[in-house]
Undergrad: 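I'd like to ask you about the structure that follows.
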Amino acid sequence: MTHRRHRFGAALAVFAAAVAAWLPVTSAQAADGPVVHIWLQDDHLGLPMPPDTGDPTMVNWGLRNDGPGTAKDVTISADLSNVIDWVTTDAPVPADHVYTWPTRDVPEGEAAGSLIGLSAKPGTPLGTTGTVTLSGTSANGTVVSTTAKVTVGTTDLKVNKLAARKGDKPGSTIDTPVTISNVGTLAADGVQLRMGATIGLSYAKHYSNCVYSKSDSYVLTEQALCTFDTVIEPGKSYRVDQPVGLDVTDQALFEYFSHEALPLSGSAPKPGDGPVLSLVAAGDAATDGTAIDRQHIDADNTADMVAGGGTAEGAPGDLVHVTVSLSNEGPGWVGYNASDDQPALLVTVPTGTKAEEIPAHCSVWNDEAKSGTGEQTPGAAQYICQSSPNTFTVGDTRSFEFGLRIRANARTTTGEALATTAYGNTMTFDHTHGNDTAAVTVEVEGGASASPSASASPSATATAGTGGNTPGTQTASTTGGAGSLASTGSSGAVPVAAACGAAALVLGGGLVLLVRRRNRV
């Protein structure tokens with residue numbers, strides 16, 4: 001069936017692979033040259049009826065040149081003759097109904113494409129269907145054509161929104177109701193329900209019409225794709241005949257369950273084992289649904305984040321290396337999905353040494369802003385280290401190696417590694433604090449023991465420069481880099497804002513106060 005597609009601006013060709021037929025070789029296309037494929041963002045397009053006064057529906061395409069070499073003088077055209085009687089376009093179309101884009105060279109790999117907007121003419125009957133064919137030529141290669149199906153009317157499937165949950169205990173089961181509504185104007189001849197659950201959750205029952213798989217595109221999830229041959233009528237709602245059961249496992253902590261509905265395309269997957277999950281009518285279509293829903297589930301559980309220290313030895317003037325670490329000893333896995341205050345390691349450089357080699361994902365700690373500056377400037381007193389990825393399954397350890405220069409007249413000296421968060425907060429889900437700190441020691445040949453360095457407390461102030469870890473005033477920099485605010489990634493449905501770096505810190509005291517007021521985890 002069809003979807004509504006809005007204008008996205010300049011289109012980039014990043015689409016799923018598909019099998020296409022070769023175009024015949026003509027005088028303008030060399031059989032032994034580069035092969036260029038035209039990809040469509042969506043090959044089934046729905047045009048609203050009555051026509052929408054907003055943006056038209058876009059035929060959105062891109063290119064992939066499989067080589068060998070650059071395809072010369074590539075020209076792409078859209079043949080609209082099959083639909084021109086009942087559509088209008090957002091660009092002038094010649095009398096032969098073939099719209100052609102400017103000629104250009106296309107190097108190997110993915111390449112940007114373009115788009116053309118279509119709208120249905122008023123009064124066109126719902127269900128009217130036609131095709132738009134995109135094809136092309138190249139002076140030294142072959143261009144593979146593709147076709148988009150265009151239908152008047154839309155199938156617009158929404159799912160219900162689920163309230164966030166807190167306090168579910170490991171060993172319990174959550175019964176999750178799922179409904180699907182069609183708020184479009186055309187029926188869907190079958191539907192697929194796509195569900196995802198993070199690794200602290202497990203499906204309590206498997207159904208024969210669902211296919212289960214693992215995905216780690218953002219965080220590790222177990223996905224279920226359930227196929228129904230039920231016709232989803234426009235203006236109607238349907239619910240699964242029994243709640244989807246989610247077992248809360250021993251490693252559950254910060255979890256989510258997602259679900260979305262898609263019109264059925266192609267044949268149904270091979271049936272599996274278990275009972276059949278069905279859809280039953282549930283009245284009129286809900287008006288408060290969403291295309292995809294993500295329910296946050298915070299379990300009543302803990303995780304023990306452990307700081308790991310290290311020891312190095314050398315003589316004054318030597319560059320020595322020490323490795324510190326951050327580990328998760330469970331029982332819960334850690335994957336924040338509602339905050340960017342991610343687990344981190346605050347490292348205080350031992351007195352009498354200067355940090356000269358700064359690991360990736362570590363940056364100078366700015367105590368005033370309570371975050372990393374994004375700079376990897378040598379000579380600071382403290383550095384904040386954040387792992388990438390920032391999720392910790394049970395047993396995960398992330399290590400960071402510092403190169404420390406031993407100063408003249410230095411004595412054996414000890415700094416510290418502290419398990420904390422990106423903003424210097426205590427991890428409230430961690431109830432075991434005896435292993436939050438670990439010693440970072442540099443044994444100096446022929447030198448007596450010195451007093452330990454200042455504790456790796458977020459209240460200490462770090463200074464970048466030649467003075468080693470001598471306290472001083474830290475000035476925030478506009479330079480971005482590793483170790484700035486945590487990055488949690490996105491999916492169309494990523495719930496946590498990406499880290500914004502240190503550039504915002506220079507905008508004035510008001511933003512410093514804003515940083516201080518971020519939610520604490």
Undergrad: Whether the side chain of Ser181 engages the backbone of Val183 through a donor-acceptor N/O pair (distance < 3.5 Å, no angle test) should be reported.
TA: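 Pair absent, no side-chain N/O of Ser181 close to backbone of Val183.
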
Undergrad: Would the distance check show the side chain of Tyr238 and the main-chain N or O of Glu233 forming a donor-acceptor pair, the cut-off being under 3.5 Å?
TA: yes

Undergrad: Would a distance-only check, ignoring hydrogens and angles, find a side-chain to backbone donor-acceptor pair under 3.5 Å from Asn328 to Gly332?
TA: yes

Undergrad: Trp365 and Lys370: which non-hydrogen atoms are nearest, and at how many Å?
TA: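 Heavy atoms only, the tightest pair is CH2-C, 3.4 Å.
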
Undergrad: Could you tell me the separation between the CD atom of Gln192 and the CD1 atom of Ile180, rounded to the nearest 0.5 Å?
TA: 10.5 Å

Undergrad: Considering the options Val143, Ile116, Ile38, which one meets the side chain to side chain contact (heavy atoms under 4.5 Å, CB included) requirement together with Leu134?
TA: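 Going through Val143, Ile116, Ile38 one by one, the side chain to side chain contact (heavy atoms under 4.5 Å, CB included) with Leu134 is satisfied by Ile38 alone.
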
Undergrad: In Å and rounded to the nearest 0.5 Å, what is the SG to CD distance from Cys362 to Glu375?
TA: 14.5 Å

Undergrad: Test of understanding: with ring pair (Phe, Tyr, Trp, His ring centres under 6.0 Å), list the residues that count as partners of Phe228, not counting sequence neighbours.
TA: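 Per chain and number, Phe228 pairs via ring pair (Phe, Tyr, Trp, His ring centres under 6.0 Å) with no residue.
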
Undergrad: Please enumerate all residues that pass salt bridge (charged side-chain N to carboxylate O under 4.0 Å, His left out) together with Asp241, with sequence neighbours excluded.
TA: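 Partners of Asp241 by the salt bridge (charged side-chain N to carboxylate O under 4.0 Å, His left out) criterion come out as none, since no residue qualifies.
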
Undergrad: After noting the C-alpha distance and the side-chain angles of Asp396 and Glu329, does the key distance pass the side-chain contact (heavy atoms from CB on, under 4.5 Å) rule?
TA: CA-CA 8 Å; Asp396 271 359; Glu329 294 188 357; over 6 Å; no

Undergrad: Run Arg239 and Val280 through side-chain contact (heavy atoms from CB on, under 4.5 Å) and show every step you take.
TA: CA-CA 6 Å; Arg239 61 174 176 82; Val280 295; 3.5 Å; yes

Undergrad: Could you tell me which residues satisfy salt bridge (charged side-chain N to carboxylate O under 4.0 Å, His left out) with Asp66, sequence neighbours excluded, listed by chain and number?
TA: Arg64

Undergrad: Scan for salt bridge (Lys or Arg N to Asp or Glu O under 4.0 Å) pairs involving residues 278-288, sequence neighbours excluded, and state none if there are none.
TA: Lys236-Asp284

Undergrad: Check whether any side-chain heavy atom of Lys214 sits under 4.5 Å from a side-chain heavy atom of Gln223, and report yes or no.
TA: no

Undergrad: If you compare all heavy atoms of Ala307 against all heavy atoms of Leu345, which two are closest, and at what distance to 0.1 Å?
TA: CB-CD1, 3.9 Å

Undergrad: Please name all residues satisfying side-chain hydrogen bond (donor to acceptor under 3.5 Å, both in side chains) with Ser327, sequence neighbours left out, ordered by chain then number.
TA: Thr397

Undergrad: With sequence neighbours left out, what residues match Thr198 under side-chain contact (heavy atoms from CB on, under 4.5 Å)?
TA: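 For Thr198 the side-chain contact (heavy atoms from CB on, under 4.5 Å) partners, ignoring immediate neighbours, are Leu201, Val219, Thr221, Glu255, Tyr256, Trp333.
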
Undergrad: Which distance, rounded to the nearest 0.5 Å, do you find between the NE2 of His433 and the OG1 of Thr426?
TA: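 It is 6.5 Å, given to the nearest 0.5 Å.
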
Undergrad: Does Asn425 offer a backbone N or O that forms a donor-acceptor pair with the side chain of Thr420 under 3.5 Å?
TA: yes

Undergrad: Within the 4.5 Å heavy-atom criterion, are Thr227 and Leu264 side-chain neighbours or not?
TA: yes

Undergrad: List the residues meeting ring pair (Phe, Tyr, Trp, His ring centres under 6.0 Å) with Phe257, not counting sequence neighbours, and say none if there are none.
TA: His259

Undergrad: Atom OG1 of Thr179 and atom CG of Asp293: how far apart are they, to the nearest 0.5 Å?
TA: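 One gets 9.5 Å once the value is rounded to the nearest 0.5 Å.
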
Undergrad: Quick one: does Leu326's side chain get under 4.5 Å of Val306's, heavy atoms only?
TA: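 Side-chain contact under 4.5 Å: no.
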
Undergrad: Does the Asp341 side chain pair with the main chain of Tyr423, one donor and one acceptor, at a distance under 3.5 Å?
TA: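 Judged by distance alone, yes, a pair lies under 3.5 Å.
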
Undergrad: Could you check whether any side-chain heavy atom of Glu110 comes within less than 4.5 Å of a side-chain heavy atom of Leu63, counting everything from C-beta outward?
TA: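 No, side chains not in contact.
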
Undergrad: Do Thr173 and Asp247 get their side chains close enough for a donor-acceptor pair, meaning under 3.5 Å?
TA: yes

Undergrad: Not counting sequence neighbours, which residues clear ring pair (Phe, Tyr, Trp, His ring centres under 6.0 Å) with His97? List them please.
TA: none

Undergrad: CG of Asp189 to CG of Asp229: how many Å apart, nearest 0.5 Å?
TA: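 With rounding to 0.5 Å, CG (Asp189) is 10.5 Å from CG (Asp229).
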
Undergrad: Can you name the nearest heavy-atom pair linking Pro56 to Asp90, along with the distance?
TA: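 Of all heavy-atom pairs spanning Pro56 and Asp90, the closest is CG-OD2, 4.2 Å.
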
Undergrad: Show the nearest heavy-atom pair for residues Ala164 and Gln295, with the distance to one decimal.
TA: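 In this case the closest contact between Ala164 and Gln295 is CA-CG, 4.4 Å.
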
Undergrad: For a quick check under 3.5 Å, do Ser387 and Arg398 share a side-chain donor-acceptor pair by atom type?
TA: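 Ser387 vs Arg398: donor-acceptor pair found between side chains.
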
Undergrad: Do Thr129 side-chain atoms and Gly127 backbone N/O form a donor-acceptor pair below 3.5 Å?
TA: yes

Undergrad: Between Ser363 and Gly374, is there a donor-acceptor pair closer than 3.5 Å when you use the side chain of the first and the backbone of the second?
TA: yes

Undergrad: Under a 3.5 Å distance rule, please check whether Asp430 uses its side chain to pair with a backbone N or O of Asp304 as donor and acceptor.
TA: no

Undergrad: With the side chain counted from C-beta on, respond yes when Pro234 and Leu186 share a heavy-atom pair under 4.5 Å apart, and no when they do not.
TA: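 SC-SC contact between Pro234 and Leu186 ruled out.
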
Undergrad: Any chance you could lay out the side-chain contact (heavy atoms from CB on, under 4.5 Å) test for Gln342 and Thr421, step after step, and finish with the verdict?
TA: CA-CA 5 Å; Gln342 302 292 320; Thr421 74; over 6 Å; no

Undergrad: Is there side-chain contact between Val159 and Leu157, with heavy atoms separated by less than 4.5 Å?
TA: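 Heavy-atom side-chain distance check fails, nothing below 4.5 Å.
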
Undergrad: Under the ring pair (Phe, Tyr, Trp, His ring centres under 6.0 Å) rule, collect the residues that match up with Trp101, sequence neighbours excluded.
TA: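 Listed in chain order: Trp61, Tyr99.
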
Undergrad: Would a 4.5 Å heavy-atom cut-off, applied to side chains only, mark Asn65 and Val35 as touching?
TA: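 Result no, sub-4.5 Å side-chain heavy-atom pair not found.
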
Undergrad: Would the distance check show the side chain of Asn182 and the main-chain N or O of Gly184 forming a donor-acceptor pair, the cut-off being under 3.5 Å?
TA: yes

Undergrad: Given side-chain contact (heavy atoms from CB on, under 4.5 Å), test Asn160 with Val178 step by step and report yes or no.
TA: CA-CA 6 Å; Asn160 57 314; Val178 172; 4.3 Å; yes

Undergrad: For Gln251 versus Ile199, what's the shortest heavy-atom pair and its separation?
TA: NE2-O, 3.3 Å

Undergrad: Quick one: list whatever passes side-chain contact (heavy atoms from CB on, under 4.5 Å) with Pro331, sequence neighbours left out.
TA: Asn301, Thr302

Undergrad: Leu47 pairs by side chain to side chain contact (heavy atoms under 4.5 Å, CB included) with which of Thr57, Thr154, Thr151?
TA: Thr57

Undergrad: Does the gap between the ring centers of Tyr212 and Tyr207 come in under 6.0 Å?
TA: no

Undergrad: Can you list every salt bridge (Lys or Arg N to Asp or Glu O under 4.0 Å) pair that touches residues 157-185, not counting sequence neighbours?
TA: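 Sorted result for residues 157-185: Asp156-Lys158, Arg165-Asp168, Lys169-Asp300.
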
Undergrad: Go through the structure and list residues passing side-chain contact (heavy atoms from CB on, under 4.5 Å) with Glu260, not counting sequence neighbours.
TA: Arg194, Leu262, Ile292

Undergrad: Could you please spell out the steps behind the ring pair (Phe, Tyr, Trp, His ring centres under 6.0 Å) verdict for Phe400 and Tyr383?
TA: CA-CA 11 Å; Phe400 310 92; Tyr383 297 86; over 10 Å; no

Undergrad: Distance from Ser81 atom OG to Ile84 atom CD1, nearest 0.5 Å?
TA: 8.5 Å

Undergrad: Just by modelled atom types, is the Val132 backbone N or O under 3.5 Å from a matching donor or acceptor in the Asn82 side chain?
TA: no

Undergrad: Can you give me the closest heavy-atom contact between Ile384 and Gly372, atom names plus distance?
TA: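 Heavy atoms of Ile384 and Gly372 come nearest at CG2-CA, 3.5 Å.
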
